[in-house]
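Read through the structure below, which is laid out as structure tokens, and then see the notes.
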Amino acid sequence: MSRIGKQPISLPDGVEVSIEPELVRVKGPKGELQERVSRAIDVREEDGQVVVTRPSDRGEHRALHGLTRSLIANMVEGVTNGFEKRLEIQGVGYRAQLQGRKLVLSLGYSHPVEMEAPDGVDFEVPAPTRVVVRGISKQAVGEVAAGVRKQRPPEPYKGKGVRYEGEYVARKVGKRA
């Protein structure tokens, strides 16, 4: 049985990969991440590259191969550069502020919305209407950013709410007399 579907991932300087059965650990200047991988997919380190191969061209093997390769590439990217998501807050009186590791949002409710930063994720508030979510795990950063956005998603009539930077919100026409 020959292994097919090689797609190497280059390792930058200072990044170490340890591969065990069903587990890949990536350690770099910003931290350490680990991910479980399927037994069907073969992951090896060769000449400063991580090589991911699959046993056959069956649909499930191709899907697992792409997933595993993407997860490892994202871990390498995360421990070297990190990830960030930028959010914008639009609306009169809507703002954000940082209190220690806690993000406090004023979003038009009768109370402020407080969100604690989980381990491995940091908040930054460069302006009262901007929030930056940073971390080494792409999944954790995306999840926390989605949680912030969920507190007050942009509404279609005036566009007020929390949105991703550059996100397009389809606007609707209001009542007509």
Side-chain angles (χ1 to χ4, degrees), residues 7 9 12 15 23-38 41 52 59-60 62-177:
Q7 289 186 334
I9 302 163
V15 175
L23 189 70
V24 176
R25 282 194 176 89
V26 179
K27 189 174 185 178
K30 290 194 176 246
E32 182 177 349
L33 292 171
Q34 66 180 23
E35 190 71 46
R36 298 187 68 76
V37 295
S38 172
I41 302 300
V52 181
E60 63 210 47
R62 291 197 338 237
L64 277 174
H65 177 248
L67 171 71
T68 304
R69 193 205 169 282
S70 293
L71 289 174
I72 294 171
N74 285 338
M75 288 193 297
V76 170
E77 175 74 19
V79 298
T80 53
N81 303 324
F83 291 100
E84 72 175 29
K85 289 266 189 182
R86 296 178 172 273
L87 300 159
E88 300 173 345
I89 301 173
Q90 291 190 350
V92 177
Y94 289 14
R95 65 183 176 278
Q97 62 188 47
L98 206 54
Q99 293 178 353
R101 286 187 47 81
K102 195 183 297 185
L103 180 68
V104 180
L105 301 165
S106 300
L107 298 173
Y109 297 120
S110 61
H111 58 283
V113 177
E114 297 181 354
M115 298 185 73
E116 190 72 39
D119 292 337
V121 175
D122 293 316
F123 291 121
E124 183 186 322
V125 182
T129 59
R130 302 256 187 255
V131 176
V132 180
V133 182
R134 283 199 176 96
I136 61 172
S137 170
K138 188 173 188 176
Q139 179 185 355
V141 168
E143 214 171 287
V144 171
V148 173
R149 183 183 182 278
K150 190 177 178 182
Q151 298 303 319
R152 177 74 85 171
E155 53 94 19
Y157 295 102
K158 292 186 178 179
K160 294 170 22 172
V162 180
R163 64 177 76 179
Y164 296 112
E165 191 175 81
E167 177 183 0
Y168 173 75
V169 177
R171 302 293 289 272
K172 291 182 177 179
V173 179
K175 290 183 186 177
R176 295 259 165 97

#### Entry: Backbone N/O of E77 and side chain of T80: donor-acceptor pair under 3.5 Å
yes

### Query
Looking at M75 and Q34, what are the two nearest heavy atoms and their distance?
SD-C, 3.9 Å

### Query
If we only count heavy atoms from C-beta on, is the Q97 to S106 side-chain gap below 4.5 Å?
no

### Query
Nearest heavy-atom pair of V141 and G135: which atoms, and what distance?
CG2-N, 3.4 Å

### Task
Give a yes or no on this: more than 12 heavy atoms of other residues, nucleotides or ligands lie within 6.0 Å of atom CD of E60.
yes

### Task
Ignoring hydrogens and angles, tell me if any N or O in the side chain of Y109 forms a donor-acceptor pair with the backbone of Q151 under 3.5 Å.
yes

### Query
When you look at F83 and N74, which way does the side chain to side chain contact (heavy atoms under 4.5 Å, CB included) test go after all the steps?
CA-CA 9 Å; F83 291 100; N74 285 338; 4.3 Å; yes

### Summary
Output for pair (S137 OG, E35 CD), nearest 0.5 Å, gives 8.0 Å

### Task
To the nearest 0.5 angstrom, please state how far the CG atom of L87 sits from the OG1 atom of T129.
11.5 Å

### Query
Closest approach of T68 and L64, non-hydrogen atoms and distance?
OG1-O, 2.7 Å

### Message
Using modelled atom types and a 3.5 Å cut-off, is there a donor and acceptor pairing between side-chain atoms of R130 and backbone atoms of E88?
### Response
no

### For the student: nearest non-hydrogen atoms of V148 and F123, plus distance
CG2-CE2, 4.1 Å

### Task
Can you see which heavy atom on G91 is nearest to which on K160, and at what distance?
CA-CG, 3.9 Å

### Query
To the nearest 0.5 Å, what is the distance between NZ (K138) and CG (L33)?
13.0 Å

#### Entry: Expected output: side-chain H65 to main-chain V52 donor-acceptor under 3.5 Å
yes

#### Entry: E84 vs E124, side chain to side chain contact (heavy atoms under 4.5 Å, CB included): CA-CA, chis, key distance, verdict
CA-CA 10 Å; E84 72 175 29; E124 183 186 322; over 6 Å; no

### Message
Within this structure, what is the CZ-CD1 distance for the pair R163 and I89, rounded to the nearest 0.5 Å?
### Response
11.5 Å

### Task
Quick one: closest heavy-atom pair of V125 and A96, and the distance?
CG1-O, 3.6 Å

### Summary
In R134, K102, R101, the residue satisfying salt bridge (charged side-chain N to carboxylate O under 4.0 Å, His left out) with D122 is R101

### Task
Check whether any side-chain N or O of R152 sits under 3.5 Å from a backbone N or O of L107 as a donor-acceptor pair, and report yes or no.
yes

